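Heads up: numbering here begins at 1 and tracks the sequence. Counting convention: from 1, in listed order, for ligands and their atoms alike. None of these values were measured; they are calculated from a predicted model. Scope of the values below: all heavy atoms of this structure, side chains included, with no hydrogens, waters or symmetry mates.
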Amino acid sequence: MTQDAATLLERLRQIVGADHVLTTDADVAPYVVDCRDRYHGVARAVVRPASTDEVAAVVRACSDASAPIVPQGGNTGMCGAATPDRSGSEIVLSLARMHAIRAIDVANATMTVEAGVTLAAAQQAAREAGMLFPLSLASEGSCTIGGNLSTNAGGTAVLRYGNTRELVLGVEVVLADGRIVHGLRGLRKDNTGYDLKQLFIGSEGTLGIVTAAVLKLFSAPKARVTALTAVADVAHAVDLLHAMKDVLGDRLTGFELISGFALYLSRKHHPGSPDPLPGHPWYALLQFDDHSADVPLEDVVESALSNAAESELIADATIAQSQEQAGRLWSLRENISEAQRREGQNVKHDISLPISAIAQFTRDAEAAIVAAFPGARVVVFGHLGDGNLHYNVAAPEGVDARDFLENTPAINGIVHDRVVAAGGSISAEHGIGVLKRDELAHYKSPVELELMRRIKSALDPRGLLNPGKIL
Ligand code: MLT
Ligand code: ZN
């Protein structure tokens, strides 16, 4: 170890305590690989500050030593944004010890939480205050608010409540030079110039390190109904979405599309999963929430679904009769990602399209993929309600999954060319990280890329914050 490296580690120990500067291979191991096992990095150290002042002091120490920093929350990201590179020069800055709920203001319908609070803990704190924090995703037990902000996470309730960007009123951020932006304002109106917080949201730790945020809360729903429906194809699912919005309006809070094959994988890798509507090519999982208890929500949903059945929009449906049943229906959907991990690596896409373009896109893309890679298995699921699909391509049966990954550039081309041609985006909710950096360079317009680079160099002129991510 060089003199400089030893000095930096000593300084970091003085800031956070020796126990929170991890350097042994065993201690560092969980922080240097991503959850999909796609990126394996090397860290000079993992530092675990416990306060915003400590984060700021760590950043100053790293800046003085010209050491790049990789901020990390729950390490559940899909694009490698929280994994260090292989140089061994980067410091992983884990926000895990910053897990305080700083304040809940019920009258203002806001909650101030630190970056390392897990999403599930934030939801629970809101619930205990009689409120709802609506952000919801499969990894909510381990992903953190800091990571949610840094990727502008979406999930299953965006249709009704918007994605993370729309759920944040204020942020506290440590800048690349160690200064702190104290922006924890809980205001729904604030037109004092540029909306700086939105720069940090979705910037994947490349512009600053979010240490806390003011989040919007909502009234807790009084009734909740979950239904699984079987549909003939994606076009029918899109029509069903429209019909349900028409009848139930804002009470439709989630609309998830699941292909028959995605459901098969979910059940295959999670024995004991229910099989309520076997044998259909496509499914839509619907969630309804109601704030008034005047007309029983279940009656309205039942009548809307029976009308949908009469007009042949759906082939079959089941409505959960208890919270436990609803949880089991949701587990079919939420286990897909893990099932795919167990099945083997696949070429993953996180795309968004105008909802009106989705049916045509899925038809064209699948035909093109199967023509180019006979036997390739397309695993489609996602948040149809907000136009976001996880459009994943797995190896043909019997072909080694890792070998099949060599086709990633060609498969990306087939999928992303069609997405962009249809007015869509190559990253809906997972971000860019390393996984989609080259794709971003290819598809984003030169003028937008130049603006992004200028913003990066204005906020991080020495390129020490999460280098190599996004740009
Ligand atoms: C999901 O919707 O399940 C998540 O975005 C994770 C994934 O795409 O695998
Ligand atoms: Zn998703």
Side-chain angles (χ1 to χ4, degrees), residues 34-39 73-82 118-120 134-144 147-165 167 202 204 237 253-259 261-267 269-270 273 283-287 327 329-353 355 358 362 377-394 401 405 412 415-416 419 424-433 435-436:
D34 73 310
C35 70
R36 291 177 63 218
D37 199 22
R38 289 290 293 269
Y39 299 100
N75 199 13
T76 59
M78 296 282 166
C79 300
T118 64
L119 175 53
L135 188 67
S136 181
L137 16 144
S139 61
E140 61 200 21
S142 41
C143 69
T144 59
N148 297 151
L149 263 71
S150 86
T151 54
N152 183 28
T156 56
V158 173
L159 159 67
R160 165 69 179 85
Y161 295 101
N163 52 23
T164 301
R165 262 188 212 296
L167 298 173
E204 302 182 37
T253 56
F255 193 105
E256 297 287 309
L257 180 72
I258 309 171
S259 71
F261 185 54
L263 189 68
Y264 160 78
L265 289 179
S266 175
R267 297 190 60 255
H269 291 284
H270 297 87
S273 298
Y283 298 87
L285 180 63
L286 281 52
Q287 174 86 46
L329 290 183
W330 268 103
S331 70
L332 290 171
R333 159 65 185 90
E334 290 186 331
N335 287 338
I336 297 172
S337 198
E338 174 60 21
Q340 282 219 271
R341 209 179 59 78
R342 293 183 194 173
E343 183 75 4
Q345 301 275 1
N346 59 89
V347 184
K348 205 166 169 62
H349 302 105
D350 163 42
I351 56 175
S352 62
L353 289 150
I355 293 169
I358 285 183
T362 51
R377 296 171 301 164
V378 181
V379 185
V380 187
F381 63 101
H383 320 289
L384 185 68
D386 58 51
N388 172 197
L389 291 187
H390 300 305
Y391 193 88
N392 303 336
V393 183
L405 286 186
N412 282 347
V415 174
H416 289 160
V419 165
S425 168
I426 62 160
S427 176
E429 60 170 6
H430 292 168
I432 298 295
L435 183 69
K436 292 184 195 141

K.L.:
Carefully, step by step, assess Leu285 and Leu332 under the rule side-chain contact (heavy atoms from CB on, under 4.5 Å).
P.N.:
CA-CA 9 Å; Leu285 180 63; Leu332 290 171; over 6 Å; no

K.L.:
What N/O/S atom of His390 gets nearest to the Zn ion (ligand 2)?
P.N.:
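Answer by atom name: NE2.
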
K.L.:
Are Ile336 and Glu256 side-chain neighbours, meaning at least one heavy-atom pair lies under 4.5 Å?
P.N.:
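No; the side chains remain at least 4.5 Å from each other.
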
K.L.:
Could you give me the CA-CA distance, side-chain angles and deciding distance for His269 and Glu343, then say whether side-chain hydrogen bond (donor to acceptor under 3.5 Å, both in side chains) is met?
P.N.:
CA-CA 8 Å; His269 291 284; Glu343 183 75 4; 2.6 Å; yes

K.L.:
Does a side-chain heavy-atom distance below 4.5 Å link Gln287 with Trp330?
P.N.:
yes

K.L.:
What distance separates Leu384 CG from Leu159 CG, expressed to the nearest 0.5 Å?
P.N.:
9.5 Å

K.L.:
Provide, line by line, the atom pairs where ligand 1 and the protein bring an N/O atom each to a distance under 3.5 Å; else say none.
P.N.:
unit_1   : atom_1 : unit_2 : atom_2 : d
ligand 1 : 2 (O)  : Arg333 : NH2    : 2.6
ligand 1 : 2 (O)  : His383 : NE2    : 3.1
ligand 1 : 2 (O)  : His390 : NE2    : 3.1
ligand 1 : 3 (O)  : Arg333 : NH1    : 3.1
ligand 1 : 3 (O)  : Arg333 : NH2    : 3.3
ligand 1 : 5 (O)  : His390 : NE2    : 3.1
ligand 1 : 5 (O)  : Glu429 : OE2    : 3.0
ligand 1 : 5 (O)  : His430 : NE2    : 2.7
ligand 1 : 8 (O)  : Lys348 : NZ     : 3.3
ligand 1 : 8 (O)  : His390 : ND1    : 3.4
ligand 1 : 8 (O)  : His390 : NE2    : 3.4
ligand 1 : 8 (O)  : His430 : NE2    : 3.4
ligand 1 : 9 (O)  : Ser337 : OG     : 2.4
ligand 1 : 9 (O)  : Lys348 : NZ     : 2.6

K.L.:
Can you name the one residue among Glu429, Met78, His349 that meets side-chain contact (heavy atoms from CB on, under 4.5 Å) with His390?
P.N.:
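The single option meeting the side-chain contact (heavy atoms from CB on, under 4.5 Å) with His390 is Glu429.
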
K.L.:
Counting only N and O atoms by type, is there a donor-acceptor contact under 3.5 Å from the side chain of Thr362 to the main-chain atoms of Ile358?
P.N.:
yes

K.L.:
Decide, counting backbone as well as side-chain atoms, whether His430 has an N, O or S atom less than 2.8 Å from the Zn ion (ligand 2).
P.N.:
no

K.L.:
Return yes when at least one N/O/S atom of Glu429 is nearer than 2.8 Å to the Zn ion (ligand 2), and no when none is.
P.N.:
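Of the N, O and S atoms in Glu429, at least one lies under 2.8 Å from the Zn ion (ligand 2), which means yes.
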
